[in-house]
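Shown next, in structure tokens, is the structure this report addresses.
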Amino acid sequence: MDPITFSIIRHRLYRVVEEAVITLKHVSGSAITNEGHDLMVSLYQPDGSLLLGGVGFLHHLTSAAEACKAIIRRFEGQIHEGDLFLLNDPFTAALHTSDIYLICPIHHEGRLIAWSACFVHVYDIGAMNPGGFAPDAQDVFSEGFSSPGLKLIDRGELRQDVWDTLLNMVRGPEMVALDLRSMIACNNVAKDRMLALVHKYGVATVHEACQTLIEQSESRLRQRLAELPDGRWQSRQYLDVKGEVYKVVLTMTKKGDGLVFDFTGSSPQSKYSLNCTRWASLGGLFAPLFPLLCYDITWNEGVIRPITVIAPEGSIVNCTKPSPVSVATVGAIQSVNNAACTTMGKLLAASEKYADQASAVWHANHFAIFMFGRNQRGGESIGILTETFAGAGGARTFADGVDIGGEVPNPISRMANVETIEAMFPIRYLFRRRLCDSGGAGERRGGTGGEMAIVAHDAPDGGIHYVLSGKGSKFPQSEGLAGGSPGAVNDYVWVHAPESLPQDECFAQALTAIPGRKEPVSWGVFPLMGDDALYVRWNGGGGVGDPLRREATRVLQDVVDQTISTRAATEVYGVVLDGESVDEAATLALRQSMRGSRRAKELAR
Amino acid sequence: MSRRRMSPTLSIESGHVVCAGCNHSLVREGSGWKHAAVLSEVVAASMPGAPSAMHPTLLLRRFSCPNCGELLDTETAMAEDPFLDDVLEASHGGR
């Protein structure tokens, strides 16, 4: 094939996915989709393997491939032009029940030539808690509607009985219907644009271009791996639920042009819903692998071939049915993601050629608070606080992390404006801003996370409730690199207002200024009623390098910008400030003293 | 004499893992280097910015060069957990 045609087809495939994503966002009415971008659209080969990974939450690229394969197996001989399938069973392919896959076969002249698949986190799935996250679910059966595969549209006709049954099992059926329709529209656009491509260039030419792309991706990743040093790198993530500590342990071995991720040593599966399935673990490690190792390589089946995953059955990263998994996406999957990000950062940092691609762990812990209750217009609202997608950049070997700078597994994640959220729920923000001392310390500082506080406002029922699955509030998860410290942890505080709240204290601008008794909370369903407040802070990115190597003027600027405290400037960075300037002599002496103190300690053995 | 990068703070030289800053030899290559570093452990909850919810016994382990005091690596750990073991193979591989 001539390189011009190949390049045009490659770009057209990207545009197919991009236009489908735009459609999904524009049709959806959920903030989690059109504001937070908790979505994904990709194309798959006739056998279900990944043809072109799109944007959104990258955990889903490989899981949706498994979903396609499951549909192919289940509906053998019954897959027709105009069909559309639904799958959301975590033990078949999905990450958790709330993330529904709609899967569309694409036929040309009666022959199956590809699939498109997409997901959104639907408004509700009928789990024991509104919104789908069910922290106290004891099994997957408490986590809502779950299908290992059904036909939603048959030869272009909506199966009304199936549609009605599904919507009969969820809260806010009109919103779930809109979610499903947005995905139907998305798949229709993907199918139309794919067919337009085929009509223009012919099936054989497009097929040849796709196969070349896959071979090219495999070859380029193997070549990149061969350029990186052989070795073994480890990482460890801790998660906490109600005082019980769980671990995700990873040993990544790179040899030649292959990479093995071995999760042996991870905790047994939990009674809590932070577990994930095998397919979810696979997605969890590919989410950082695509952008970190394949930032210039097309994401398809070719990238998957050089990778081997070992996830012990019955563990927190490969749980067995009927373990609860509704919190998986922000639980074990995210820890798999973080652990893989850590080891890949170490691998890249060990290479002369690729050291400038290395990064500490980015925003590592979604707080994922789902609010629910009657809103100021008398209707019901269910939805996520989209700040969970705001993120924080991990430091790079050449630069600081970006403050509130997004996250690795979703390159297009973002948060809604305060006003958008206040319009959706009967709440008022007291403040929302960057969080001081949340970025991991280092020669290159991790990007800050954020903090915010909300109170009920104009609520017909006096307030609202929220679902909290706050694993990780006890353990930092954004690991540092090469001497950098981890980013700070999430934190959740329920402030019980005093019986009488002075008017001038209704607009407090810091947690310490909010009057009332402060109770740390992290897991379960809680009220936000009356004058009570909910304070939330989210984690920063990890740092890179020795903090004592950070330029003193940068530390000063951090203090001026209130991204680090004067205490951290002195105790962590060894910088002595004199007003708004650096005391250079005192700083030199302090840093020498701190290095001397390190040398005076015992060897680690 | 060949020198290979192991991390931004460590190198391999003449078959030994050395501090990239001062060339102090830690261990022979192919084995875990952290046991030859100076270890200081800080309760993570005492660090600036740590909230009250932080696990009270979680440690931030800091591994430094015994010669120049350069911070070589960090890891968070519960006291009973082993050091994370990162090893660069002595055999060939990319750079």
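Order of the sequence lines sets the chain letters (A, B, ...), proteins ahead of strands, with each chain counted from 1.
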Side chains of B:Leu60 and A:Pro486: does their closest heavy-atom pair fall under 4.5 Å?
-> yes
How far does CZ of A:Arg232 sit from CD of B:Glu89, to the nearest 0.5 angstrom?
-> 7.0 Å
To the nearest 0.5 Å, atom CG of A:Asp240 lies from atom CE of B:Met54 at 12.0 Å
Which bit of B:Ala45 comes within less than 4.5 Å of chain A, counting heavy atoms only: side chain, backbone, both or neither?
-> neither
Quick one: which of A:Thr343, A:Thr342, A:Val572, A:Asp491 has the most heavy-atom pairs under 4.5 Å with chain B, could you say?
-> A:Asp491
With the threshold set at 4.0 Å, does a side-chain nitrogen-carboxylate oxygen contact exist between A:Arg598 and B:Glu70?
-> no
Short question: side chain of A:Tyr238, backbone of B:Leu58 - any donor-acceptor pair under 3.5 Å?
-> no
Select one option (side chain, backbone, both, neither) describing which atoms of B:Asn67 are under 4.5 Å from chain A's heavy atoms.
-> backbone
Cationic N near anionic O, under 4.0 Å, B:Glu75 to A:Arg236 = yes
dist B:Leu84:CG -> A:Trp233:CH2 (nearest 0.5 Å) comes out at 14.0 Å
Could you grab the distance from atom CG of A:Leu347 to atom OG of B:Ser7, nearest 0.5 Å is fine?
-> 12.5 Å
Out of B:Cys65, B:Pro56, B:Ser11, B:Ser64, which one racks up the most heavy-atom pairs below 4.5 Å with chain A?
-> B:Ser64
Region of B:Leu88 in contact with chain A, defined by heavy-atom distances below 4.5 Å = both
Per-residue contact mode, A:Lys247 against chain B (heavy atom under 4.5 angstrom) = side chain
Atom group of B:Met6 that falls short of 4.5 Å from chain A, counting heavy atoms = backbone
Quick one: pull up NZ in A:Lys474 and OG in B:Ser52 and give me the separation to the nearest 0.5 Å.
-> 8.5 Å
If you count heavy-atom pairs under 4.5 Å between each of B:Ala50, B:Pro82, B:Ala44 and chain A, which one has the most?
-> B:Pro82
Decide, yes or no, whether a salt bridge links A:Lys346 with B:Asp86 under the criterion of side-chain N to carboxylate O below 4.0 Å.
-> yes
Is a side-chain donor or acceptor of B:Thr9 paired with a backbone partner of A:Ala482 at a separation under 3.5 angstrom?
-> no
Picking from A:Leu511, A:Val489, A:Val493, what satisfies side chain to side chain contact (heavy atoms under 4.5 Å, CB included) with B:Pro51?
-> A:Val489
Against chain A, label B:Thr57 side chain, backbone, both or neither, depending on which of its atoms sit under 4.5 Å from a heavy atom there.
-> neither
Side chain, backbone, both or neither: which part of B:Glu41 has a heavy atom under 4.5 Å from chain A?
-> neither
Under a 4.5 Å heavy-atom cut-off, does chain A meet the side chain of B:Ala53, its backbone, both or neither?
-> both
Please test B:Thr76 against A:Glu479 for side-chain contact (heavy atoms from CB on, under 4.5 Å), starting from the C-alpha separation and ending with a verdict.
-> CA-CA 8 Å; B:Thr76 51; A:Glu479 289 295 306; 2.9 Å; yes
Answer yes or no: is there a donor N or O on one side and an acceptor on the other, between the side chain of B:Arg5 and the main chain of A:Ala349, under 3.5 Å?
-> yes
Shortest non-hydrogen contact from B:Pro48 toward A:Glu571 = CG-OE1, 4.4 Å
What is the distance from atom OG of A:Ser351 to atom CZ of B:Arg4, rounded to the nearest 0.5 Å?
-> 11.5 Å
